[in-house]
Amino acid sequence: MRLTVKRIASLTCAAALVVSLAACFTSTTASSDSTDGTSMSAPGEGNPPDGQPPEKPDGAPDGQGGPEGFGGSGEVTQGTSANTIDTDTTVYTETYESTGDDENALRVDGATAILNGITVNKSAGKSSNTEDGDFYGQNAALLATNGATVTIENAAITSSAQNGNGVFSYGEGTTVNISDSTITTTADNSGGIQTTGGGTTNASNLTVETSGNSAAAIRSDRGGGTVNVDGGSYTSNGVNSPAVYSTADITVKNADLTANNSEALVIEGQNSITLENCNVTGSMSDSGTSADENVHNVMIYQSMSGDAEVGTSSFSMTGGTLTSKNGDLFYITNTHSTISLSGVTLKNEDSTANLMTIAGNSASHGWGTAGKNGAQVDFVADHQELNGAITVDSISTLDLTLKNGSTFTGTINIVDNAEGGTAVDDNAVVTIENGCTWTLTGDCTLTSLTNNGTINFNGHTITLADGTVLK
């Protein structure tokens, strides 16, 4: 049961308190608006007016300035291959090369192949269509397709061709198992490992480095799939190139994930990133494509491009470190999201940035409809230390739970939606479980508070939506 409290001197662990009130707002959700949001310039893919490439956020699979033909062929188009394996085989220390346009250096088509000690080099060759490269594997160095099962060990894979992803797993029933190998790409739109169309990639102890723009080290795109990574290092150096871009279910354990000129992680739509004991660092540029909306380290959003289904995004991290060298640690817009942190060392090296920003956006990139594209975040901190400011705009919601000894030093505030959207109920709902502590560093605004732990006010106040002030 929640109790409405008018005057409170202190909130302590010894006395459980429930404060609840309903904000007098008209309810609006991003989910209901997602299906009718315009996608003039979506960050995934899409066909904006006048035939121009859509704008991308930092980390989107495609980037501006790519080759002609952006927009996709509308059907599975994979181009040609300089070398094709279409019967079951085992290969040792073979070299596969390609310099042709729309051409894979090696394609495994519907076969079971064991490839040990191979060298694959996609040294040249243009892509005629960026989205065919991103969606289907056209121009990739190594493409597995049509239900192939490919086991790769001790390989050296390089690509210097634009839209030349390193290792590409396409389609349901296709599985790539790759271990103890290096993947290096240098051109734009060229990720390290790419998974789309329901494919599967299992990676172990890889060293992956990308240098082009819009070239995430671990990528997925339209149709998603399943990606499991254990060990190794994954580094991106280009703009719009996170360490991980997810339109799939991606799990990474015991790995180093570094984005030197981009946010570290991006989740689009009804997809997930699960991290265990990883060291993650991002450094997004202030001039990145979506920097006009927000500069951030982890971005969770729905682009409305059609590359990711509308639904709940999921981010879970256990152990390890999450470091932001520039911008907010988390930015969530135009989607519903669940976030779980347990035992993570959080480091924000930007002293002016937020721990978390939950807000609508201007829709200039096509991310829903302005004034109706807020985010809904369910955030659980478990054995977790949090520091910093959290802001929730008036068309968004936050449901924060501190549990199992978690501590939060910082503020939570409800702010007006920049586009003047109609405010929603339950903007900021906070639950503090037994043994947990919230230490205020400034005045706060909430919708409702359930406290079974300790709140250290430090002379500050919590103002509820009906005007009640707790201090």
Side-chain angles (χ1 to χ4, degrees), residues 85 89-94 96 105-106 108 111-121 137 140-145 147-159 165-185 190-196 198-210 215-221 224-236 242-259 264-265 271-281 316-321:
I85 295 174
T89 189
T90 299
V91 176
Y92 294 93
T93 62
E94 188 67 56
Y96 302 96
L106 175 62
V108 182
T112 297
I114 299 173
L115 310 175
N116 197 313
I118 66 169
T119 299
V120 180
N121 184 21
L142 191 158
L143 170 63
T145 188
T149 298
V150 186
T151 300
I152 305 167
E153 298 176 348
N154 304 307
I157 299 166
T158 58
S159 170
N165 293 284
V167 175
F168 202 115
S169 177
Y170 173 75
E172 294 184 7
T174 298
T175 300
V176 172
N177 303 306
I178 179 169
S179 63
D180 302 308
S181 299
T182 62
I183 301 172
T184 305
T185 72
S190 301
I193 55 175
Q194 172 86 318
T195 307
T196 70
T200 297
T201 299
N202 300 311
S204 177
N205 296 322
L206 303 186
T207 300
V208 175
E209 184 169 8
T210 69
I218 301 171
R219 300 179 76 189
S220 62
D221 212 310
T226 302
V227 180
N228 298 300
V229 176
D230 191 355
S233 65
Y234 299 79
T235 303
S236 65
V244 181
Y245 190 98
S246 176
T247 59
D249 293 323
I250 298 179
T251 299
V252 185
K253 301 178 181 180
N254 310 310
D256 293 326
L257 306 170
T258 305
L265 309 168
N271 296 291
S272 67
I273 293 176
T274 301
L275 305 179
E276 296 181 19
N277 299 317
C278 292
N279 296 313
V280 183
T281 303
S316 175
M317 186 170 183
T318 303
T321 61

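All values reported here derive from a predicted model rather than from experimental measurement. This chain uses plain numbering: 1 for the first residue, then up along the sequence.
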Q: Looking at Q194 and S220, what are the two nearest heavy atoms and their distance?
A: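 The answer is OE1-N, 3.3 Å.
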
Q: Does T175 offer a backbone N or O that forms a donor-acceptor pair with the side chain of T200 under 3.5 Å?
A: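 Answer holds: no.
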
Q: Tell me, do I85 and L106 make a side-chain contact under 4.5 Å, heavy atoms counted?
A: yes

Q: Minimum heavy-atom separation for A141 and G166, please, with both atom names.
A: CB-O, 3.3 Å

Q: Is there a side-chain contact between L115 and V120, using heavy atoms and a 4.5 Å cut-off?
A: no

Q: Does any non-hydrogen side-chain atom of D230 lie less than 4.5 Å from one of N228?
A: no

Q: Can you see whether T195 engages T201 through a side-chain donor-acceptor pair at a distance of less than 3.5 angstrom?
A: yes

Q: To the nearest 0.5 Å, what is the distance between CG on N254 and CG on N279?
A: 10.0 Å

Q: Answer yes or no: is there a side-chain heavy-atom contact under 4.5 Å between N116 and E153?
A: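 Side chain of N116 against side chain of E153, heavy atoms only: contact under 4.5 Å found.
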
Q: Does the side chain of Y96 reach to within under 4.5 Å of the side chain of I118, using non-hydrogen atoms?
A: yes

Q: Please report the closest heavy-atom contact between S169 and V176, naming both atoms and the distance.
A: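 Answer, listing the atom of S169 first, then V176: CB-CG2, 3.7 Å.
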
Q: Can you find a side-chain donor-acceptor pair between T226 and D249 that sits under 3.5 Å?
A: no

Q: Donor-acceptor pair, distance only, cut-off 3.5 Å: does the side chain of N177 make one with the backbone of N202?
A: no

Q: Any side-chain heavy atom of V280 sitting closer than 4.5 Å to one from M317?
A: yes

Q: Any side-chain heavy atom of V150 within less than 4.5 Å of one from V167?
A: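 No; the side chains remain at least 4.5 Å from each other.
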
Q: Taking atom types as modelled and ignoring hydrogens, do the side chains of T247 and D221 form a donor-acceptor contact shorter than 3.5 angstrom?
A: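 There is no such pair between these side chains.
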
Q: Decide side chain to side chain contact (heavy atoms under 4.5 Å, CB included) for T210 and S236; before the verdict, give the C-alpha distance in whole Å, the side-chain angles of both, and the deciding distance to 0.1 Å.
A: CA-CA 5 Å; T210 69; S236 65; 3.4 Å; yes

Q: Quick check on side chain to side chain contact (heavy atoms under 4.5 Å, CB included): which of I178, L206, I193 does V229 satisfy it with?
A: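 Looking at I178, L206, I193, the match for V229 under the side chain to side chain contact (heavy atoms under 4.5 Å, CB included) is I193.
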
Q: Give me the atom names and distance for the closest heavy-atom approach of P242 to Y245.
A: CG-CB, 4.0 Å

Q: Please say which of L257, I250, V244 ends up in a side chain to side chain contact (heavy atoms under 4.5 Å, CB included) with L275.
A: L257

Q: Does T185 reach the main-chain N or O of S190 with its side chain, forming a donor-acceptor pair under 3.5 Å?
A: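 Yes, T185 side chain to S190 backbone: donor-acceptor pair under 3.5 Å.
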
Q: Of all heavy-atom pairs between S181 and A155, which one has the smallest distance, and what is that distance?
A: OG-N, 2.9 Å

Q: How many angstroms lie between atom CG of D256 and atom OH of Y234, to the nearest 0.5 angstrom?
A: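 Taking CG in D256 and OH in Y234, the distance rounds to 10.5 Å.
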
Q: Nearest heavy-atom pair of V108 and A148: which atoms, and what distance?
A: O-CB, 3.5 Å

Q: Would you confirm whether S246, through its side chain, and I273, through its main-chain N or O, come within 3.5 Å as a donor-acceptor pair?
A: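 Checking the backbone N and O of I273 against the side chain of S246, no donor-acceptor pair under 3.5 Å is found.
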
Q: How long is the gap from CG on N154 to OG1 on T93, to the nearest 0.5 Å?
A: 11.0 Å

Q: Could you check if a side-chain atom of F168 sits within less than 4.5 angstrom of a side-chain atom of T196, using non-hydrogen atoms only?
A: yes

